[in-house]
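Reviewing the structure listed below.
Chain A is the first sequence line, chain B the second, and so forth, proteins listed ahead of strands; every chain is numbered from 1.
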Amino acid sequence: MSFPGAAKLAGTRPLTDLHLAMRSWFAETARVLPWRSPDCSPWGILVSEVMLQQTPVVRVLPVWEDWMERWPEPADLAKEPSGEAVRHWGRLGYPRRALRLHAAAVAIVEKHGGKVPGTHAELLGLPGVGDYTAAAVAAFAFGQRETVVDTNIRRVHARLISGLALPAPSLTASEMRLADSLMPDDIELSVRWNASVMELGALVCTARSPKCSDCPVSESCAWLAAGEPPPTYTPKGQAWHGTDRQLRGAVMAVLRVADSPVEPEWLERPATDLGFAAAGAAVPLAALHRLNFPPEQLERALEGLVRDGLAEMHDGGLRLPA
DNA sequence: TATGCGTGGTC
DNA sequence: TGACCAAGCAT
């Protein structure tokens with residue numbers, strides 16, 4: 001181990017100043033979020049974790065509340081057509097997550113008696129649940145000692161321990177070892193530690209402009225000590241304009257509000273008469289037309305949506321899976 | 001392992 | 001203004 005304080009973490013590993021500082025900070029500063037309530041079910045926590053994949057808390061909150069009221073148990077969602085999950089996903093983005101959450105609910109009913117399973121391995125077997133989400137649910141819903149590593153934790157570790165402005169482009173084995181070595185041995189403290197490092201990354205040690213003056217552990221930050229060296233690489237942004245991704249998004253916006261199947265013709269060009277049934281989709285339809293995508297790309301995008309299970313053909317029109 | 005996958009806020 | 005960014009996953 002090569003980071004400051006590593007020796008103190010060996011052996012019986014008593015709590016370090018780092019742990020104590022983080023614990024106080026978390027107790028005073030952590031946001032009150034419904035999925036952090038002691039009342040929140042494992043299902044509620046699983047739903048929150050999937051919604052929070054690549055989506056900010058403020059946008060998740062209202063949709064999560066709606067889902068929990070609508071589908072308080074996995075079985076409630078499992079009964080629905082998958083398209084309903086997609087519809088009520090709203091504008092959270094990456095709607096395939098809604099599809100996978102629905103599939104996870106079905107799997108929970110069929111293989112786990114309707115209860116969210118409590119081990120990392122079982123969770124990992126659910127659709128849409130990867131290593132991070134399995135660890136997060138095992139820790140936060142079932143109180144287990146799990147090595148939780150998300151983008152926030154990676155960034156905090158990169159700065160605090162490794163002295164880097166940003167973590168590597170993709171998660172490395174060495175980062176997992178580091179995260180494991182930093183976790184308190186005590187189970188409950190490990191859960192709290194994971195939550196607090198994540199929260200620090202979300203509120204203080206942010207990607208763009210970290211609020212180091214508010215940081216409870218700035219005194220021991222390797223990146224600050226090194227004089228805030230800049231990132232050693234420039235992250236490549238995701239293409240958007242003119243991509244299938246943009247087009248799929250625009251089509252899904254139409255399907256979410258359409259109250260009957262939408263003829264592909266309507267998607268391609270403005271119709272003189274949409275008919276009463278699709279009139280509710282006039283606004284997103286107009287937005288789609290404004291993008292002016294080539295017809296062949298539209299066709300390809302629609303195929304993709306159907307292939308991915310986000311849409312289906314019915315009576316010559318496109319709709320959410322019913 | 002690199003890539004594709006939505007959306008909207010921020011600077 | 002456009003590029004970056006947000007509790008990743010699947011292929």
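- As judged by a 4.0 angstrom heavy-atom cut-off over every strand, A/Trp35 is placed among the base-contacting residues.
- Between A/Asp76 atom CG and A/Met68 atom CE the span is 9.5 Å, to the nearest 0.5 Å.
- Rounding to the nearest 0.5 angstrom, the gap separating the CZ atom in A/Arg319 from the CG atom in A/Leu255 is 11.0 Å.
- Contacts between residues 48-69 of chain A and DNA chain B, defined by a heavy-atom separation under 4.0 Å, are made by A/Gln54, A/Thr55, A/Arg59.
- Looking at heavy-atom distances under 4.0 Å, A/Leu33 makes contact with a base.
- Among the protein residues, A/Ala239 comes within range of no part of the nucleic acid, since none of its heavy atoms lies under 4.0 Å from any strand.
- Of the two residues contacting DNA chain B, namely A/Lys236 and A/Leu310, the nearest-nucleotide position lying further toward the 5' end is that of A/Lys236.
- Per the geometry, OH belonging to A/Tyr94 stands 13 Å off P belonging to B/dG8, to the nearest Å.
- Checking the phosphate oxygens (OP1, OP2) of B/dG4, no side-chain nitrogen or oxygen of A/Arg307 falls inside 4.0 Å.
- Rounded to an integer number of Å, the gap from CH2 of A/Trp240 to C1' of B/dG9 is 14 Å.
- At a threshold of 4.0 angstrom between heavy atoms, the contacts of A/Gln238 include nucleobase atoms, whether or not backbone atoms are also involved.
- As judged by a 4.0 angstrom heavy-atom cut-off over every strand, A/Ile153 is placed among residues making no nucleic acid contact.
- Here the CH2-NE2 distance, from A/Trp67 to A/His88, works out to 9.0 Å after rounding to the nearest 0.5 Å.
- Separating the CG atom of A/Leu171 from the P atom of C/dA10 is a distance of 15 Å, rounded to the nearest angstrom.
- Put simply, CD on A/Glu199 is 14 Å from C1' on C/dA6, counting in whole angstrom units.
- Contact annotation for A/Ala207: backbone-only contact, meaning every heavy-atom pair under 4.0 Å involves sugar-phosphate atoms and none involves a base.
- Rounded to whole Å, atom C1' of B/dT7 lies 17 Å from atom CG of A/Asp244.
- No N or O donor and acceptor, one from the side chain of A/Arg96 and one from the base of B/dC5, sit under 3.5 Å apart.
- Between A/Thr133 and C/dA7, a side-chain N or O to OP1/OP2 separation shorter than 4.0 Å is absent.
- Atom C1' of B/dT1 sits at a distance of 23 Å from the matching atom of C/dA6, rounded to the whole Å.
- Here A/Ser170 lies out of heavy-atom contact (under 4.0 Å) with every strand.
- Residue A/Arg97 places none of its side-chain N or O atoms closer than 4.0 Å to OP1 or OP2 of B/dC5.
- At whole-Å resolution of the value, NE2 in A/His88 and C1' in B/dG6 are 19 Å apart.
- Atom-to-atom, CG of A/Leu92 to P of C/dC9 comes out at 16 Å; the value is rounded to the nearest Å.
- The same atom, P, is picked in B/dG8 and in C/dC9; the two are 23 Å apart, to the nearest Å.
- Summarising the geometry of A/Leu101 relative to A/Trp43, their closest heavy-atom pair is O-CH2, 4.4 Å, with the distance given to 0.1 Å.
- If you check distances only, the side chain of A/Arg245 does reach the base of B/dG6 with a donor-acceptor pair under 3.5 Å.
- Using a 4.0 Å cut-off between charged nitrogen and carboxylate oxygen, A/Arg248 and A/Asp244 do not count as a salt-bridge pair.
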Please table the atom pairs, donor to acceptor, closer than 3.5 Å between any side-chain atom in residues 118-130 of chain A and protein atoms at least two apart or in another chain.
| residue | atom | partner | partner atom | Å |
| --- | --- | --- | --- | --- |
| A/Thr119 | OG1 | A/Glu122 | N | 3.2 |
| A/Thr119 | OG1 | A/Glu122 | OE1 | 2.9 |
| A/His120 | ND1 | A/Glu146 | OE1 | 3.0 |
| A/His120 | NE2 | A/Asp131 | OD1 | 3.0 |

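- The separation of C/dA7 from B/dA2, taken at their C1' atoms, amounts to 22 Å, rounded to a whole angstrom.
- Summarising the hydrophobic clusters (Ile, Leu, Val, Met, Phe, Trp, Tyr; side-chain heavy atoms under 4.5 Å, direct or chained), the residues clustered with A/Leu171 are A/Val149, A/Met176.
- Atom-to-atom, CZ of A/Arg154 to P of C/dG8 comes out at 10 Å; the value is rounded to the nearest Å.
- A salt bridge does not link A/Arg300 to A/Glu296: none of the charged side-chain nitrogens sits closer than 4.0 Å to a carboxylate oxygen.
- In summary, A/Arg87 and A/Glu80 do not engage in a salt bridge, as defined by a charged side-chain N under 4.0 Å from a carboxylate O.
- With the nearest nucleotide of DNA chain B identified for both A/Arg91 and A/Asp308, A/Asp308 has the one nearer the 5' end.
- Residue-level contact check: A/Pro169 touches neither bases nor backbone, having no heavy atom under 4.0 Å from any strand.
- Within 4.0 Å of A/Arg208, counting heavy atoms only, lies at least one base atom of the nucleic acid.
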